[in-house]
Amino acid sequence: MRIITEPEIYIVGRQTIDSEAVQRFLADHETSWQTDGERGSELIVELAGRACYMSFGSHQFRKTNADYINNLVGQGHGSVLEHAVWDLLITGVSRSFTHELVRHRAGTAFSQLSQRYVDESVADFVEPGIIASDPQLHQAWLSAIESAHASYKTLVEKLAAKVQAEHPDLGRTARMKMAREAARSVLPNATETKLMFSANARALRWIMTLRGGEGAEPEIRRFAVKLARVMREEAPVLFGDMEIVRLPDGSEGVRAGHQKV
Ligand SMILES: Cc1cc2nc3c(=O)[nH]c(=O)nc-3n(C[C@H](O)[C@H](O)[C@H](O)COP(=O)(O)OP(=O)(O)OC[C@H]3O[C@@H](n4cnc5c(N)ncnc54)[C@H](O)[C@@H]3O)c2cc1C
């Protein structure tokens, strides 16, 4: 059993632009497009914005890709940002964290580790920083986790035997699913989980802003800060105004240069 205090974010999917298709579209419309954009996500957002007004042509190269997108964001034309999408694998987070993250409905998709199919007798646990930093509280937390985890393992074993006795025709997968789905009721919120999280730039900016704020719970706030760092590097034009700030309690938070778009 590992005790985890930091989330991990892996960007496993990002967009590319199909230059050939773009050139064909421009040729079909007897126009051209010059841009200094470099990243697929940021090129797609500029292309989407320009498609709204068919504002292509060589005379349009007055604005850089950054100028163009900053102008969209500044005007609150946020729907154009929905065309840029990423797929992130997130690990080292608790079930309480994911309960909060999945409340973000707009522009997101989630696929989370199943506690019905996956054996949690080898689970890890996420410890809140305020507990981890105090030896006595840490000890109290650890014994509660160990006790709950031990109960889970006992229940899985006994439930599997019960299901086998009562439903001898069931295969092992179905039998273990029935045992685990009932036994998981004693697992704590701190149980570590993993999920694939896909979201567009508009949703990501909102999640960082809201969950990186002073009122947010510390685990999701730490995630929001990490997400802001990762995405600022990934797409500096789209996320460059997501500033990492020091909050009054000394922890880090996120403040958006441009508020909700
Ligand atoms: C500090 C804090 C405390 C919280 N406490 C609680 C709590 O005690 N209990 C609780 O249940 N939840 C709580 N939440 C969760 C909160 O209520 C939201 O469910 C969550 O933050 C998702 O944000 P969102 O509503 O902006 O949704 P998102 O899905 O992220 O949507 C983004 C935006 O799209 C628009 N939108 C999305 N769906 C609709 C819709 N159906 N109709 C109109 N517009 C829409 C809205 O403008 C919304 O802000 C808390 C959140 C925070 C940050």
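Hydrogens, waters and symmetry mates are skipped; everything else that's a heavy atom, side chains included, is used. Atoms within a ligand are numbered from 1 in the order they appear, just like the ligands themselves.
Residue pairs meeting the ring pair (Phe, Tyr, Trp, His ring centres under 6.0 Å) criterion with at least one member in residues 150-178: none, sequence neighbours excluded. Each side chain to side chain donor-acceptor pair (under 3.5 Å) pair with one or both residues in residues 187-206, not counting sequence neighbours, appears once here: Glu82-Arg202, Asp87-Ser198, Gln112-Thr193, Glu192-Lys194, Arg205-Asp241.
With rounding to the nearest 0.5 angstrom, the CD atom of Gln75 is 10.5 Å from the NE2 atom of His258.
Ligand 1 is surrounded by Arg103, His104, Arg105, Ala106, Trp206, Leu210, Arg211, Gly215, Lys260, each with at least one heavy atom closer than 4.0 Å.
Between Phe97 and Phe223, the two ring planes are perpendicular [angle over 60°; tilted spans 30° to 60°].
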With a cut-off of 3.5 Å and sequence neighbours excluded, list every side-chain donor-acceptor pair involving residues 4-11.
none

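Here the closest non-hydrogen pair linking Leu187 and Gln115 is CD1-NE2, 3.7 Å.
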